[in-house]
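If you're wondering where the values come from, they're calculated on a predicted model, not measured in any experiment.
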Amino acid sequence: MEPHILTAKPCTFYLFSCILLIFAFLASFASAAIHYHEFVIEAKPVKRLCRTHSTITVNGQYPGPTLEVRDGDTLVIKAINKARYNVTLHWHGVRQLRNPWADGPEYVTQCPIQPGRSYTYQFTIQNQEGTLWWHAHSKWLRATVYGALVIYPKLGSPYPFPMPKREMPVILGEWWDRNPMDVLKLALFTGGAPNVSDAYTINGQPGDLYRCSSKETAIYPVEAGETILLRIINSALNQELYFGVANHKLTVVAVDASYTKPFTTNVIMIAPGQTTDVLLTADQPPARYYMAAHAYNTANAAFDNTTTTAILEYESAHYSAKGGKSLKPIFPQLPGFNDTAPATAFTAQLRSPCKVKVPIEIDESLFFTVGLGLINCKNPKSPRCQGPSGTRFAASINNVSFVFPRSTSLMQAYYQGQPGVFTTDFPPVPPIQFDYTGNVSRGLWQPVKGTKLVKLKFGSKVQIVFQDTSIVTVEDHPMHIHGYDFYVVGSGFGNFDPKNDPAKFNLVDPPLRNTIGTPPGGWVAIRFVANNPGIWLLHCHLDTHLPWGLATALLVENGIGKLQTVQPPPLDLPQC
């Protein structure tokens, strides 16, 4: 190999190089676009499973509109609330640098948009590309108020994988044959678990296996030999899902808008809140093939055991079927509902494309037990105590069951210096150590309610270990942190061992995510730098668990100077 010899270059060369750099810098701004949208949130008739419901939609669409932007673009979205419920919108996975006011969770970064009012969300995509999504962040409105957010690379920047012939969103959802808000209301009254959904959906349609649904089954056309990109989003309220396409391999290239080392699989496991981008090559005999998704259930609890389908249809199969009966689609093999091994194997294969800068020296090491609990009732026979043995269901992190404020939002109280709304004494470790995944004493099942936040200095290097517990039941809890991505450095089953498990951490090429599940009866470790000031919700993305209290919030202090300080709130920020 010949050595590379440095040679002197004239000053004119460097001047020319500087001019090119300046033009490239200016061009990056010139190519950035501003996208204006109006999102009208209102009830519209939607028919599924033979029945028509007055369903909360955006612009009359279910699912809502797909937003398409490029890295560096700005979105200005005026949300107009014509529904009968309070509402907010969350842009799931968008970093919202210094801009918590656009993040959206009600009573955390804003008061809700009341009926008849509006609020304009304005934010810029900064150094992100891939598949994200948006959804309502008010009670259970996100059951039907959601849509895809596709971020393309900047102009002139290619994908780090072969260019697909076409791209298609695959939005997985849940459907209740009643008003989801009423389902939640009943559960919160009784203290019991809410009724499970009646169907899963792909792009809003249940598919061929449900009543009155086969005519509207989603169809994905494909030509023989071409490669397509499927942008898969799990927008289901309460269920991790297995997804596969009959007889076709899926090459995973990104998760949560972060690229991965490509790997091939027959099936993916995707939790609520997560996204997965896969390449699919139409290399099978021309026919019709089912895409299908069903539950991955990790809790000892009732669940929706139905299967949603869409159809991957080869163009030649479509034409050959004309004038006669449609070819019957081929069905994929999906893992069993309770089969944990495929989910574990899938997650273990996720890696960043190359070596990444993972925080090594940790400033804040946090150990969070996450799980369910039970609130004892003075009168176990009360209609409001229909949980197990006359109790009410609850959930907590480190035995603190989070209580959202109602008179203001956390961020508004913090910015205005309003006392009495929250405290910053969230316990960094469980108040009592116990065998987290063993036979837990019944005396440890009742959490304490509170509005306690985790306070972090700007720039601090943070590690959080999420430890599932066996209180009530073990479960895969998909934990989401607003305003942040994080590296998933390790996971395992049983109790986390602080002496031996860190030695097994992947500190070279761990995947970057914004939502990660705790293995059922296990733990998962994440690391990130607290470089985005503001208050950011941290919660389980199973929406049954959020009102029960499985949440807290990170209060990241301002750093030094304007670029490390929360920007002022917009003038139209809703008031409570």
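At a cut-off of 3.5 Å, with distance as the only test, a side-chain donor of Y259 or E129 sits close to an acceptor on the other residue. In summary, the side chains of Q110 and Y121 do present a donor paired with an acceptor at a separation below 3.5 Å, with no hydrogens or angles considered. For the 3.5 Å distance criterion, the side chains of T369 and T469 fail to qualify, holding no donor opposite an acceptor. A donor atom on one side chain and an acceptor atom on the other are found under 3.5 Å apart for H539 and H482. Checked by atom type, the side-chain pair T124/T74 shows a donor-acceptor distance below 3.5 Å.
Residue pairs that meet the salt bridge (Lys or Arg N to Asp or Glu O under 4.0 Å) test with at least one member in residues 512-531, sequence neighbours left out, are D256-R513. Pairs engaging residues 260-281 under the salt bridge (Lys or Arg N to Asp or Glu O under 4.0 Å) rule: R231-D277, K261-D509 [sequence neighbours left out]. Sorted by first then second residue, the salt bridge (Lys or Arg N to Asp or Glu O under 4.0 Å) pairs that include residues 137-149, not counting sequence neighbours, are R142-D543.
Aromatic ring orientation, H37 versus H35: parallel (interplanar angle below 30°, classes split at 30° and 60°). Relative orientation of the H477 and H545 rings is tilted, given thresholds of 30° and 60° on the angle between their planes. Relative orientation of the H90 and H480 rings is tilted, given thresholds of 30° and 60° on the angle between their planes. Ring geometry for W140 versus W176: interplanar angle of 30 to 60°, hence tilted. By the 30° and 60° cut-offs, the orientation of the rings of W133 relative to Y146 is perpendicular. Ring planes of H541 and H135: perpendicular class, angle over 60° (limits at 30 and 60°).
The side chain to side chain donor-acceptor pair (under 3.5 Å) search around K455 returns none, not counting sequence neighbours. Judged as a salt bridge (charged side-chain N to carboxylate O under 4.0 Å, His left out), and not counting sequence neighbours, K461 has no contacts. A search for salt bridge (charged side-chain N to carboxylate O under 4.0 Å, His left out) contacts involving K249 returns nothing, not counting sequence neighbours. Applying the side chain to side chain donor-acceptor pair (under 3.5 Å) criterion to E174, with sequence neighbours excluded, gives S197. For N234, there are no side chain to side chain donor-acceptor pair (under 3.5 Å) partners at least two apart in sequence or on another chain. For D476, the salt bridge (charged side-chain N to carboxylate O under 4.0 Å, His left out) test picks out no residue, with sequence neighbours left out. With sequence neighbours left out, D103 forms a salt bridge (charged side-chain N to carboxylate O under 4.0 Å, His left out) with no residue at all. Considering only residues two or more places apart in sequence or on other chains, Y152 meets the side chain to side chain donor-acceptor pair (under 3.5 Å) condition with E68.
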Sequence neighbours left out, cut at 3.5 Å: what donor-acceptor pairs do the side chains of residues 351-361 make with other protein atoms?
residue: R351; atom: NH1; partner: A348; partner atom: O; Å: 3.0
residue: S352; atom: OG; partner: P510; partner atom: O; Å: 2.5

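For E42 (side chain) and K82 (main-chain N/O), no donor-acceptor pair under 3.5 Å exists by modelled atom type. D73 places a side-chain N or O within donor-acceptor distance of the main-chain N or O of R70, the cut-off being under 3.5 Å.
Atom CZ of F402 and atom CG of L546 lie 9.5 Å apart (nearest 0.5 Å).
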**Study point:** N86 vs S138, side-chain hydrogen bond (donor to acceptor under 3.5 Å, both in side chains): CA-CA, chis, key distance, verdict
**Key:** CA-CA 7 Å; N86 289 343; S138 303; over 6 Å; no
Exercise for review: Check the pair R95, N531 against side-chain hydrogen bond (donor to acceptor under 3.5 Å, both in side chains), reporting the backbone distance first and the verdict last.
Suggested key: CA-CA 11 Å; R95 285 292 310 275; N531 56 8; 3.2 Å; yes
Practice item. Please step through side-chain hydrogen bond (donor to acceptor under 3.5 Å, both in side chains) for the pair H92 and T275, ending with a clear verdict. Key: CA-CA 10 Å; H92 187 111; T275 72; over 6 Å; no
